[in-house]
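Since the structure comes first, as structure tokens, the remarks are kept for the end.
Chain A is the first sequence line, chain B the second, and so forth, proteins listed ahead of strands; every chain is numbered from 1. Everything numeric in this text was worked out from a predicted model, so none of it was measured.
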Amino acid sequence: MIDAELWSLFVNAALVNNFVLAYFLGICPFLGVSSRIDSAARMGVAVTFVMLIASLCAFGLHRMLTLIDARYLELIAFIVVIASTVQLVEMFVRKVSPALFEALGLYLPLITTNCAILAVALFQTQRGYGLLECVVFALGAGVGFTLALVLMAGIREKLALGAVPDAARGVAITLLLAGILSLAFMGFAGVGVET
Amino acid sequence: MAEALEELHAETATERLQAGLWRQNPILVQALGMCPTLAVSNTAANALTMGLATAAVLLGSALVISTLRETIPRQVRLASFVLVIATFVTITDMLIEAIAIEMHRALGAFLPLIVANCLILGRIEALASRRSPRLAAMDALGMGAGFICCLLALGAVRELLGQGTLFGIMLLPERFEPWVVMLLPGGGFFALAALVLAFRWVQGHADVVERAR
């Protein structure tokens, strides 16, 4: 595998096909945790972290299930493994670095129901990525997620001072902004290769 | 998540059925299950399939879990819920692949992603794991119907404006210049924002009328 190909895979996952703005994955935390920049950044780091681990687990699981010819169990295996990984990571972080645990707080358990994590596992399986590609893809997806979350939080912090009509407050205005961001991100089309 | 929004006074089965359609509409009021809503609503047919699949999974897992609610230990309840949901999703996924392979290809990874739809886990945690199967089924039907309506409305608007067609049938005159943006991801955000705005506006008026009485 050439470095340039890995780089374009990363750029593709992070910018061109941004998980939040192009694939609509992880919209719930995107709407929920994007009102302040610092919490948005922490959430992004937590998600990237879990994505990496889940991606590695999913790679191994896929190999194993193909070996025993039980592909139909894949979805069930993925979701259970992701849920238990999150739990394990939570315990591990609490033991090793209480400071980081404090920083991530409630966000770690919430990640279990984040569809972006499951999507990383499903996409890499569908596209038949190798181990190295999986890691790069998961990293790209995580960085893209963090970027979208932090950008939105920045806009919403400014928005708190603006005059927004009552009916548009909350979900509606955030969706409108996400639409504009999504159009802006389309400008990245052509930077990476299509997958 | 959904627990905070749960209004416990809606007790009877008919009330539960109606709640999902309007007052507690999963998408418009609770903002649950947004990911599939936006991702597959580029055509009306996709949106309808996705809505039906999600509603079927919700109904199936709500029935099973509310029947087993006494047996499932509290400590491992989330894992058990997820297992039941994942089983139903796998069944639905295989069914759609068997019946309509083209549709299965169009929806791609979003069918298995129904597992991570917070609408389903939210409803089960809030209601199905505590109430009788009958009430849980009514709630699932109401929420499912509300979800399908929203998805269909969104899909219809995006397909009509984006391609001038509805379920693949040409409706608008030849002169109509399609709004390509409606088919792009950005258009999905815009259309949903407009739908939420319209809902809030109508709801706001209804509240004013209610208060005037």
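- Below 4.5 Å, heavy atoms of chain A meet heavy atoms from B/Leu38, B/Ala39, all part of residues 38-53 of chain B.
- Contacts with chain B were tallied for A/Val20, A/Val80, A/Ile27; A/Ile27 has the most, counting heavy-atom pairs under 4.5 Å.
- Residue A/Phe123 touches chain B through its side chain alone, counting heavy-atom pairs closer than 4.5 Å.
- Interatomic distance, B/Thr90 OG1 to A/Ile76 CD1, rounded to the nearest 0.5 Å: 4.0 Å.
- Interface summary for chain B: among A/Ala172, A/Ala184, A/Ala119, the most heavy-atom pairs under 4.5 angstrom belong to A/Ala172.
- Within the 4.5 Å cutoff, side-chain heavy atoms of A/Leu183 are placed close to those of B/Phe190.
- Considering CG of B/Leu113 and OH of A/Tyr23, their distance stands at 12.0 Å, rounded to 0.5 Å.
- Annotation for A/Ala22 and B/Pro185: closest pair O-CG, 3.7 Å, computed over non-hydrogen atoms.
- Crowding of A/Asp69 atom CG: a count of heavy atoms from other residues, nucleotides or ligands under 6.0 Å not exceeding 12.
- Once rounded to the nearest 0.5 Å, the distance linking CD1 of A/Ile180 with CZ of B/Phe189 reads 11.5 Å.
- Contact of A/Leu122 with chain B is made through the side chain alone, with heavy-atom distances under 4.5 Å.
- Listed here is the closest heavy atom pair of B/Pro112 and A/Leu118: O-CD2, 4.2 Å.
- Rounding to the nearest 0.5 angstrom, the gap separating the CG atom in A/Leu75 from the CD1 atom in B/Ile85 is 11.0 Å.
- With a 4.5 Å cut-off on side-chain heavy atoms, B/Phe110 and A/Leu25 count as touching.
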